Amino acid sequence: MPAERRLRVAAIAALAGYSVFVAVIGLWPSPVDRPLDPALFRVLVALKGIGIRPGDAYNAIEFTANVAFFVIPAMLLVFLVGRRRWWIAPVLGLLCSIAIELAQFLLLPGRFATVGDVIANTLGSLVGCGIGVLALSRRRTSGARMRRSARGRHRAVARDPRSS
């Protein structure tokens with residue numbers, strides 16, 4: 001199997017697995033940080049000791065987690081659709097985030113649907129998209145450099161009179 005096809009199959013498998021993970025976390029009936037409450041509470045109290053209000057710290061941690069949550073699927077999606085169609089990743093990130101927040105609002109009374117989560121998830125999709133586009137650009141550039149280098153070595157061998 002060619003390397004390009006292996007990369008595509010791996011990206012599809014990883015995206016499918018991560019999508020299940022996103023669905024489970026997003027549609028879990030209670031807040032997913034509930035099991036972390038004691039440790040999270042200790043961190044918030046420690047931050048309070050250096051002058052950071054616990055509410056502000058919690059909001060920053062939650063926002064950052066929501067950003068990180070959507071980086072990987074967006075990056076994998078860019079690997080699948082390519083650099084020219086990069087915009088699909090953040091659009092799908094936005095739509096998936098809206099769907100999750102609507103499901104939480106309508107179906108999960110123990111969860112809190114927020115516009116802030118949609119913004120953070122979409123930002124994560126944009127970050128993942130940027131990483132994916134950069135990775136594909138670097139891969140394309142290094143591949144072209146290797147092809148030029150190989151052509152140069154081939155020409156040098158063809159011109160070398162000792163190679164006869």
Side-chain angles (χ1 to χ4, degrees), residues 1-28 31-33 35-36 39-40 43 56-108 111-160 163:
M1 180 181 305
E4 194 72 29
R5 182 158 166 79
R6 278 195 309 267
L7 178 65
R8 186 169 180 79
V9 168
I12 289 169
L15 185 60
Y18 200 86
S19 296
V20 170
F21 174 69
V22 168
V24 168
I25 297 295
L27 301 175
W28 198 257
V32 293
D33 61 358
L36 303 173
L40 185 57
V43 168
D56 292 341
Y58 179 82
N59 290 339
I61 291 168
E62 183 189 26
F63 187 85
T64 304
N66 275 303
V67 169
F69 195 48
F70 272 64
V71 169
I72 292 172
M75 185 177 61
L76 291 170
L77 193 56
V78 169
F79 291 163
L80 290 174
V81 301
R83 291 181 323 148
R84 277 190 248 147
R85 287 178 262 150
W86 64 267
W87 55 270
I88 293 172
V91 169
L92 280 178
L94 171 66
L95 294 175
C96 287
S97 183
I98 290 171
I100 288 170
E101 295 301 312
L102 278 174
Q104 288 177 355
F105 180 75
L106 297 172
L107 306 172
L108 302 169
R111 295 295 297 264
F112 307 102
T114 68
V115 173
D117 286 355
V118 173
I119 292 168
N121 293 338
T122 305
L123 180 59
S125 293
L126 286 166
V127 169
C129 174
I131 293 169
V133 168
L134 284 173
L136 289 178
S137 295
R138 288 183 61 92
R139 187 166 184 257
R140 184 175 183 204
T141 302
S142 66
R145 201 174 305 130
M146 287 182 355
R147 285 189 299 277
R148 282 194 304 269
S149 176
R151 278 195 305 263
R153 283 191 304 270
H154 179 70
R155 286 185 193 130
V157 168
R159 282 183 286 193
D160 188 354
S163 65

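Treat the numbers as computed from the prediction; the structure is a model and nothing was measured.
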Name every donor-acceptor pair, under 3.5 Å, that has one atom in a side chain of residues 56-69 and the other anywhere in the protein, sequence neighbours excluded.
residue, atom, partner, partner atom, Å
Asp56, OD1, Arg53, NH2, 3.2
Asp56, OD2, Arg53, NE, 3.2
Asp56, OD2, Arg53, NH2, 3.4
Tyr58, OH, Asp33, OD2, 2.3
Asn59, ND2, Gly55, O, 3.2
Thr64, OG1, Ala60, O, 2.8
Asn66, ND2, Glu62, O, 3.1
Asn66, ND2, Asp117, OD1, 3.0

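- Going from atom CG of Leu76 over to atom CD1 of Ile131 covers 11.0 Å, rounded to the nearest 0.5 Å.
- Inter-residue side-chain proximity for Phe79 and Leu136 is flagged as met; some heavy-atom pair is nearer than 4.5 Å.
- Counting all heavy atoms, side chain and backbone alike, Val118 lies closest to Ser97 at CA-OG, 3.1 Å.
- Residue Pro73 comes nearest to Leu15 through the heavy atom pair O-CD1, 3.6 Å, listed as atom of the first residue, atom of the second, then distance.
- Nearest heavy atoms, Gly26 versus Leu108: O-CD1, 4.3 Å.
- Cys129 is not listed as a side-chain neighbour of Met75, based on a closest heavy-atom distance of 4.5 Å or more.
- Glu101 places no side-chain N or O within donor-acceptor distance of the main-chain N or O of Val115, the cut-off being under 3.5 Å.
- Separating the CG atom in Leu126 from the CH2 atom in Trp87 is a distance of 13.5 Å, to the nearest 0.5 Å.
- Every residue two or more places apart in sequence or in another chain that forms a side-chain contact (heavy atoms from CB on, under 4.5 Å) with Ile12 is listed here: Arg8, Leu80.
- Residue Val78 comes nearest to Ala89 through the heavy atom pair CG2-CB, 3.8 Å, listed as atom of the first residue, atom of the second, then distance.
- Nearest heavy atom pair, residue Thr122 against residue Pro90, reads CG2-O, 4.4 Å.
- Taking the ring-ring contact (aromatic ring centres under 6.0 Å, His included) definition, one finds that Phe105 meets it with nothing, sequence neighbours left out.
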(Q) With side-chain contact (heavy atoms from CB on, under 4.5 Å) as the criterion, how do Val22 and Phe70 come out once you've worked through the C-alpha distance, each side chain's angles and the decisive distance to 0.1 Å? (A) CA-CA 8 Å; Val22 168; Phe70 272 64; 4.3 Å; yes
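- Applying the 6.0 Å contact sphere to CZ of Arg83 captures more than 12 heavy atoms from other residues, nucleotides or ligands.
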